[in-house]
Amino acid sequence: MKQLMTARQLKLAVLASGRGSNFDAIGQAIERKDLNARIVVLISDQSQAPALAKAAGRGIETLPISPRDYSGRDAYEECLVRELEARQVDLVVLAGYMRLVGKVFLQAYEHRVLNIHPALLPSFPGLHAQQQALDYGVKISGCTVHLVDEGMDSGPIILQKAVAVLDSDDEEALSQRILKEEHQIYWQALQLIAEGRVWIDGRRVVIKDN
Ligand code: GRF
């Protein structure tokens, strides 16, 4: 079994493509001192992402990097890795980052990239996870914080939270209730890492008591 990271104040980079509410929730947890971390940069692949404005509002460095300015995914990710290494980040937090992460990125940051997904993985990976849950007719869905590997939402699971699916739900209503839980479990998973309590054993993530 391997310890993900020794206890420390985490230096985080957040990658976001859109709204940035998970980024905000992590920022708030840091301000409340529930999470021992610093967000050193917010990177977005979308120059108009609202997440960029949210980060600027928090006084956090913002870095729009458009994949279209690079010859391909490898070249784009080499640029990302250079920027992350220049800031010596411990962990990369994907928060609504709408791209698959490739091998250049993962080789540089193996077991150091986290994602949040609005379903109980391995159910309903990919886009529109909440609508997928409604269409399938499950009675319980939720959200998952996991380590990122080369697959689609397939890496080792750190934390999950269940959310009941109501008969009255539509995609919007279910998404809102799941989002509320996302805003809790993301910083909680990060804090477990900051406390040095997260260990990896193959696909299994084990949380140890301090
Ligand atoms: C969240 O539902 C997250 O689970 C998914 O993308 C959405 C991002 O929302 N990966 P926000 O940008 O954090 O508000």
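Each ligand, and each atom within it, is numbered from 1 in the order the structure gives.
At the top of the distance list for atom 12 (O) of ligand 1, counting protein heavy atoms only, stands G20 N, 2.8 Å. In this structure, the protein non-hydrogen atom closest to atom 6 (O) of ligand 1 is G96 CA, 3.6 Å. Atom 10 (N) of ligand 1 has its closest protein heavy atom at I116 O, 3.0 Å. Here the protein heavy atom with the shortest distance to atom 11 (P) of ligand 1 is S21 N, 3.4 Å.
For E182, a nitrogen or oxygen atom sits less than 3.5 Å from a nitrogen or oxygen atom of ligand 1, counting backbone and side chain alike. Considering backbone and side-chain atoms together, F23 places no N or O closer than 3.5 Å to any N or O of ligand 1.
Hydrophobic side-chain contacts under 4.5 Å tie L134 into a cluster, directly or through other members, with F124, Y136, V138, V163, V165, L174, I178.
With respect to R112 and D90, no salt bridge is recorded, no charged nitrogen being found less than 4.0 Å from a carboxylate O. Classification of D24 and R19 as a salt-bridged pair fails, no side-chain N sitting under 4.0 Å from a carboxylate O. Salt bridge status for E83 with R87: present, with a side-chain N to carboxylate O gap under 4.0 Å.
In this structure, T144 contributes its side chain and A119 its backbone to a donor-acceptor pair below 3.5 Å.
Of all atoms in ligand 1, listed by their number and element, those nearer than 4.0 Å to a heavy atom of R19 are 9 (O), 11 (P), 12 (O), 14 (O).
Not a single heavy atom of A16 sits under 4.0 Å from any atom of ligand 1.
I200 places a side-chain heavy atom less than 4.5 Å from the side chain of L147.
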